[in-house]
Each structure stands twice: as structure tokens, then as C-alpha cells.
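Below: the structure, in C-alpha cells.
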Amino acid sequence: MNTYVVAWRNIGRNKRRTALSAVAITVAAFGMVLLFSIIAGLSFEMQDNFVRYITGDILIEHEEFEKYQDINPLHFYVPDQEELIKKMEALEGVAHAFPRINFGGQLYSQASIGEFKRVSIFGFDPVAESDTMNMTSHLVPETNSQMPAANSREVIISEGLAKREGLKVGDKINLATMTVRRAAFQITMKISGIAYFDFSQMNEGIVFIPFDLAQYIVDYSGFDGAMSVNVVKKTNVERGDLEKQINDVLKTESAYQGITARAFENVSTIYSFLKMAEYIYYFMGLLFFLLASTVIINTTMMVIFERTREIGTLSALGMKGKEIVRLFFTEALIIAIIGSLVGVVIGTAMAIWLEPTGFDFKEAMQGVDFQISGMMKPKWNPVIAIFVLAAGIVVSSFAAYFPAKRASRIKPIEAMRKDY
Amino acid sequence: MKKILSVIIILFLTGALFGQTAEEIIKRMESNQIKDTAYSEGKIIVKDRFGEKITSFNSWTKGEELSLIEFTSRAERGQKILRTEDVIYVFFPDAEEVMPIGGAALRDSVVGSDLSYEDMTGDKGLLDSYDVALLGSEAIDGHDCFHITMKAKSPTVPYPKQDVWVDKKIYAWRLVRKYSLSDRLIKEIKINTIENIEGSYIPMDMTIQDKLKKNSSTRFIIEKIQFNIKIDESFFSLEELY
């Protein structure tokens, strides 16, 4: 007996029941492909945002900085940043490197005595970061924004800050902060531009200032200090290898004692959690398939119930127990293959179609410090499709194994006696 | 007769000495320290968990209300504090606006020290702000002192309660403790050195501890002081800051 032919014929005997089982698996497979594509998209976006805006591929900073970062320890700086950048850019795997000085401050105005508005100051080199952050591309065109003029006290502010404080291009702002010598400092600067970023961390309460102005404000100029140096790697270079190479260089230079390099995965707790969460999502995917498989279990049991006499007859005619198991298992397998395949195809099509536009969760993500924008864009890859297809087939078909095993134990005499 | 007269004089003197009120003691202490004008140079040494920071300054005062402090150390980059009748202004050369400080901000730290803006620009006119009472005598570092307690007359006064120990011989304060409304000790100022300058006893070296901070103390040292120099009132104006 050709099990496959018989199984195929059997699943056609009750098309509605077969369709119900297949649809349940299709829905689960479709959902899993879309979910994993969205997670892949989040992971990719977070990584991209880290490299562009926060750490680069490798973050070089003082080893004590992270421990005290809540109090913004300016005295844990990277000295001679220009020399360090030259050394980094001479390494084989480095595309480019740039300095940063990030610190906190307060905006104030004589017109609003006593009202200090907390802001973050983002000191960056617009020329060195033209390939990564590319500030020019973030300027809001309708506001007549320009990049700050060289050697000026012009700054760019985030769109969120502009809206919050009613600021526009051409306005002056007064900033109060502390310097590395633990002295209070205040300065007046002029807004030359307003910038918009997709994710809220970069769009709320930030003043972007040219790096040399940031050095002057925090009083780093005397030793050419930076708070960090960010390194961007070349495409086919492993981040871990580059991290080790940079640390080897830093250890040999007496000027950079106490300065360390870390790949961004080792910097961000949130990114590490997201990578860990991926495994949890894969496990949840398997659970979803199990849930969907309860439909197959249910329909298989109903089929066995209805075909008890038939099973008894087959058994009486000499069909062995394991052949009966194989028959029902094969029926479930065919349904699982069809359901999973259709679900994966639909899920793939949906993920690819949504990739350019995504889902808009910006309102929900307001104020969430998650290094992602509010736009959730799926990022499909073949591994997702293969995993979901395999999981769907395996879990769904094996779910039918137990009722099939039970069916194989039905005694022919008892089967014949039953009225169905 | 001579004997009776001597007894009367002794009794009178004794009565005068022990009959001083807290107000009289405070008045005498303030007259010792508040001059028509004064110019001083000094430094503030701050010690905390991050190490030691030294800030140097020049200071001009006129009467009870007007004072100008110019920080001369490199780190401060020309910062100035101007006190007029009711407002304290902080000036930074890089800022186009001068920042006024009032209300609770008067208790903010100056140059990261345990001194507040209110402490720095003077606790003038104590009797205008406080009701005072004499609690008794106590020795501070071997100096016999009047112990006076002061309660603020209005809620706008930065320190609701202060205790002052005034040296009985020279009418200069040796120790000040400042308290919150709930009687919690906020600040303690201890005088290390008092010098006689042009006939007045002036605290030249003092240690201030902000009791709300851990492992932090400030030493305020006057290195040079001159009284009754010529300063025009217009010197204490916003225009003069630039």
C-alpha cells in the first residue's frame, strides 16, 4: 500500500476539516514569519542607530566613565583625540573615526527667571560624521536650517526641543553647565538649524554643537580632549576582532592608559536584551505552532473516531499498528506542509511589502529610550522562512502522532462492535 | 564712702556685663564686621570625593546690601557675582544675559563649594531677619562665647533657624550652625582664624560644611582685606560687569 497516496486520498474525503487544520497552521506560520521579520528589523535598526548616532561600531572611552556615567564625569576623558583618531584610521579594518563630547546642561532665559530646562548637549564633528550621522540630511527644510558656520557659536537643536520651547532658527539660547574643572559656565549661542530624527532619544531636548565649541565649553581645549572616540569599521570586518586590535594599540600607548575600546554590543544593555529576547521569541514561535497544532490533534481524533470501523477492518485485513500510525501521521504531515508553505509564502510577501513603510508606533514610543524609531519595519531573510517552514511542519505533524498511536491500539473486534 | 562707691561701680559694671541682651550682642558683632566699604582677596578650597579645587577671588562690598565678587582663578573664566538690594546676579563673559538668582536658588552652591550664594554675599542685617535670644555661655576652642539662637521672622529668609557663638572678648563669631524648618542641621561654619584688621576683629579663615553632602568641606580664606576704600555706588551695577 502506498501510504502517501492513501493519505492524500483520505484528506480529500472531508475537505472542510482538512481546510480548517491547514488554515490554523497557515495563520500561525504567517504570524511567525511577520513577527520574526519585525524583530529582525528592530534589531537591524537598533544596530544601525547605535553605529550612526551613539557608539559607532567600537566605542573608545575612559574605563571609569561607564561606572559614573549617571553624573556625567567630564574628568574621565580621552586625551589627544586628534592623534588617537589618526592612529585608528591607520588600522586596516577601520573606515573612519570621530570624536564626541556629550554632556548635560540647562537652558535659561532672563525672561523666565528661575525656569531652567534640562537639555543634552551633543558635541560632534559635522565633517567627520558626514558619512555616518550626516546631520545635513536631518535638517528640517521648511525651517531655513543651515549647518553651523565654522568658528561660530551657532548650534542645531532637535525638533522636539524647538517645539517644546517655541524656538526657531535665528533665536539665541543661553546654556548653563559645568566644566571639567568643576566650574559653572554659561554661554549664549545662536540657532542655525533644527534637526529631525526618527527615534525619540535623538529628537527630544538635544542641542547639537560643533566639536570645537563643545571642547571650549567644557574646557577640554588645553589637552584636546573628547568624551569618546567612535570608530566605524569596514564592511567585511568582524567587530570583535577590531575591538581586540584597538585595545592592543591602546595598551601600548602611555598617553592612553585607562582608555578602552568596546564593541557596541558590549555597550548597550538594551541591545543585549533584544538579542536575548530573540531566542525567547523563537521559543514563543514554537509554542504558537503547538497551539495551532491543537486543531490538527482535534481533527485527527475526530477522524479516528469516525473511522474506527475502517481502522478495525484494516487491522483485521493485516495492517500492522505502525502502518496505521504512519498513515495518520502522513495525513497530518501533508496538511502541515501545505499549511506551513502557504503561511510562509503569505508572511514573506507581507514582510517584503511592508519593509519600506512599516508600522507607525511613534506615538506609543514617545519618551521611550529604546534607540529605535517608532516605525517598525520588517526585515525578511531566507533563514526566517526556512525556520518557520521547518518548525511548522515538524511541530504540526508530530502533534498528530499521539492520536495516531492511540488509533493503532484499537482492537479489530471492538472496532467492529461499535456503532458509529 | 570710697568703699561704698567702689562696690556700686563694681555692681554696675557686673550688671552691665551680664545684663547684655542678644540684640545688643548681635549689634556689637555686626558693627565689628560691617564696614562702609571693604575690599578683600582670598580663596575658596573645596574638598570632596573628586579631590581638591581652589578658586581665587576679589571682593568689594559697600554697606549691608551691595557686593561684587570677581573670580580670578583660571577655571572660572571671569565669572562675577553682583549683589544689589534684593537680587543676586551671576555674570559669565560668554553669556549675553546676566542670570538673576532669587528665592530657593540663593541656597545653590557657589563654584561647587559648601557656600551658597546667600552665604557668599553676606548674612547682613541679622536683626532685620531674625528674632534672637541669648541661651547662655559655651566655650568654643577654648574661647568663652555667648550662645545665641535666631529664629527667622519670615519664611522668605533662607535659613529658618541659626545658632551663633559670639566670642565674649572680641565680639566676633566663632561658630555658626544653620538649620532647616524641621530643625535639621544644614550647614556649620567654624572660624579657624580671627585677626585684628584696622581695629576690627575679622574672621580670616573658616571651614564650612554642608551637612547634606557626604565627604565635602570648604575652606574660605581671606588673604588681604582693606576697609573704607573709595567705591562709588555705580560700581555695583550690571553695566559694570562687562
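When heavy atoms are compared at a cutoff of 4.5 Å, A:Ile173 does not approach chain B at all. Of the two parts of A:Ile217, only the backbone, made up of N, CA, C and O, holds a non-hydrogen atom closer than 4.5 Å to a non-hydrogen atom of chain B. Heavy atoms closer than 4.5 Å to chain A are found in both the backbone and the side chain of B:Glu96.
Relative to the ring axis of A:Tyr53, A:Arg100 does not place its NZ or CZ within 45° and under 6.0 Å from the centre. Remark: B:Arg184 is not positioned above the aromatic ring of B:Tyr179, lacking an NZ or CZ atom under 6.0 angstrom from the ring centre and at most 45 degrees off the axis.
Within 6.0 Å of atom OH in B:Tyr39, more than 12 heavy atoms from other residues, nucleotides or ligands are found, so the atom counts as buried in its surroundings.
The candidate with the highest count of non-hydrogen atom pairs below 4.5 Å against chain B, out of A:Gln186, A:Arg181, A:Met189, A:Arg153, is A:Gln186. Of the listed residues B:Val90, B:Asp48, B:Val111, B:Val46, the one with more heavy-atom pairs under 4.5 angstrom with chain A than any other is B:Asp48.
Proximity of B:Leu238 to B:Tyr89: side-chain heavy atoms (C-beta onward) are separated by under 4.5 Å at one or more points.
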Practice task
Mind running salt bridge (Lys or Arg N to Asp or Glu O under 4.0 Å) on A:Glu253 and A:Lys87 for me, showing each step along the way?
Solution key: CA-CA 11 Å; A:Glu253 300 274 347; A:Lys87 288 184 197 313; 3.6 Å; yes
